[in-house]
Amino acid sequence: MPKHFRNEFRAELAVGFCPGCYMVQLTNLVEQEHLYNDEYAFFSGSSKGMSKHFQEFAEFIMQHYLPTDDSFVVEVGSNDGILLQHMAKRNIKHLGIEPSANVANIATKRGVESLVEFFNVTTAEKVKQTHGQADAILGANVICHIPDIHSVAKSVKALLKPNGVFVFEAPYIANTIRKTAFDQIYDEHAFFFGVHSVVNCFSRHGLELVDVMERNVHGGSMRYVLAHKGAHEVTSKVKQLLVLEDHLGLLKIETYQDFAKSAEKSRDQLKQLITGLREQGKKIVGYAATAKSATVINYCGLTPEHIKYISDTTPAKQGRYSPGAHIPIKPYEIFKQDKPDYAILFAWNHADEIMAKEKNFIKRGGKWIVFVPEVAIVENVKQ
Ligand code: TYD
């Protein structure tokens with residue numbers, strides 16, 4: 001048994017709902033230093049779909065919100081520079097703020113100026129002094145990771161030019177509920193934002209939600225555009241979604257209690273399906289060691305007896321083990337050579353890309369096990 005299993009870090013995952021501001025969030029937050037350090041294993045560039053998405057995101061920002069030649073853009077959690085590289089290539093003044101040195105180093109090699117720091121008021125003040133205020137502050141799947149959300153709001157308030165925008169993307173709570181995507185609940189996801197909770201949280205700090213756009217990444221995300229109060233016109237889409245969220249029941253605790261029941265049902269069905277297949281002697285592997293998979297595996301009580309290994313394309317994850325259950329993580333090449341009967345699609349949010357490249361797996365008789373939006377055995381998965 002590898003020696004680090006003995007001191008393995010564990011935390012309880014539990015979610016709470018605030019009936020006052022409608023925020024859905026983890027109630028037990030993990031120390032930031034446990035999550036983001038120089039062994040951070042998530043590289044934004046690990047999927048083609050996400051590379052395309054970040055290009056669109058960059059174009060959108062450059063076209064709408066970087067008005068002059070000396071415009072300045074800051075990204076919070078800039079990871080390997082997948083977004084800011086597009087600004088860097090066009091010589092746009094930019095700065096990535098990224099606490100994990102290993103991924104920030106890759107960004108630097110790509111020509112992206114990076115500062116290895118957590119984003120907080122001290123960092124914001126420092127950047128203001130060294131670079132000036134920003135025309136745009138961006139965050140892609142990172143603002144929902146920062147437990148001190150009020151510090152984020154204060155930092156944005158300090159660093160943003162009077163007419164600047166704060167644009168961030170996060171998995172959208174309405175999609176998480178609709179798809180029973182209980183695996184979106186994991187240690188890094190401190191907040192499960194919706195339009196109401198974003199409005200309520202940031203308006204306390206004088207920031208106004210002025211536009212929203214749905215995006216088909218990370219299982220269904222929302223792009224939020226915020227600005228200093230009164231600086232930009234609020235689009236009708238914001239109002240439409242506020243009404244829709246009310247209709248969807250996102251302002252009532254009962255909706256979240258129903259979600260918990262659906263998650264339990266999904267968990268029981270998945271465990272039963274996998275146990276049954278194993279009793280028939282079928283070989284089952286996992287496809288992609290996502291953060292989400294840690295929730296599925298531990299919540300369903302799956303072990304290496306159920307899942308032989310998890311294949312993942314990220315070198316930093318290969319040779320390691322899934323948290324808690326200790327299922328080995330193997331290089332993708334193993335999956336290609338091996339002939340598993342079933343593969344559990346943990347990266348269901350990348351289904352289109354994966355289906356396109358795994359036609360052979362189906363040809364040779366393999367099948368997918370999916371659990372979002374429902375537990376099923378299928379030959380094809382639509383994103
Ligand atoms: P992601 O789906 O972004 O999820 P999470 O935020 O839950 O970690 O994680 C992508 C992971 O999936 C990453 O480890 C790379 C892996 N992956 C593959 O192994 N093969 C693939 O074809 C794709 C698209 C991703």
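For this chain, numbers begin at 1 and follow the sequence in order. Only this structure's heavy atoms are used, side chains among them; waters, hydrogens and symmetry mates stay out. Keep in mind that what you see is a predicted model, and the values were worked out from it rather than measured. Just so you know, ligand 1 is whichever comes first in the structure, and atom 1 is the first atom listed for that ligand.
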Using a 4.0 Å cutoff against the non-hydrogen atoms of [X], which atoms of ligand 1 qualify?
X      : value
Tyr186 : 6 (O)
Ser47  : 24 (C)
Thr314 : 13 (C), 14 (O), 15 (C)
Asn349 : 1 (P), 2 (O), 3 (O)

Do any N/O atoms on [X] end up under 3.5 angstrom from N/O atoms on ligand 1?
X      : answer
Ile354 : no
Lys357 : yes
Asp312 : yes

Take every heavy atom of [X], measure it against each atom of ligand 1, and state whether any distance is under 4.0 Å.
X      : result
Tyr287 : yes
Glu188 : no
Met50  : no

Aromatic contact, [X] with [Y] (centres under 6.0 Å):
X      : Y      : value
His131 : Phe72  : yes
Phe5   : His326 : yes
Phe192 : Tyr172 : no
Tyr224 : Phe166 : no
Tyr299 : Phe182 : yes

Just let me know how Lys292 lines up against ligand 1, side chain, backbone, both or neither, with a heavy-atom cut-off below 4.0 Å.
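The answer is both.
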With sequence neighbours left out, the residues meeting ring pair (Phe, Tyr, Trp, His ring centres under 6.0 Å) with Phe17 are Tyr256
Checking ring-ring contact (aromatic ring centres under 6.0 Å, His included) for the pair His205/Phe202: CA distance, chi angles, key distance, verdict?
CA-CA 5 Å; His205 301 275; Phe202 290 96; 7.3 Å; no
Minimum distance, heavy atoms only, to atom 14 (O) of ligand 1: which one of Gln318, Lys317, Glu353 is it?
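That would be Lys317.
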Give every donor-acceptor pair under 3.5 Å between a side-chain atom in residues 284-292 and any protein atom, sequence neighbours left out.
residue	atom	partner	partner atom	Å
Tyr287	OH	Glu358	OE2	2.6
Thr290	OG1	Ser293	N	2.9
Lys292	NZ	Asn349	OD1	3.1

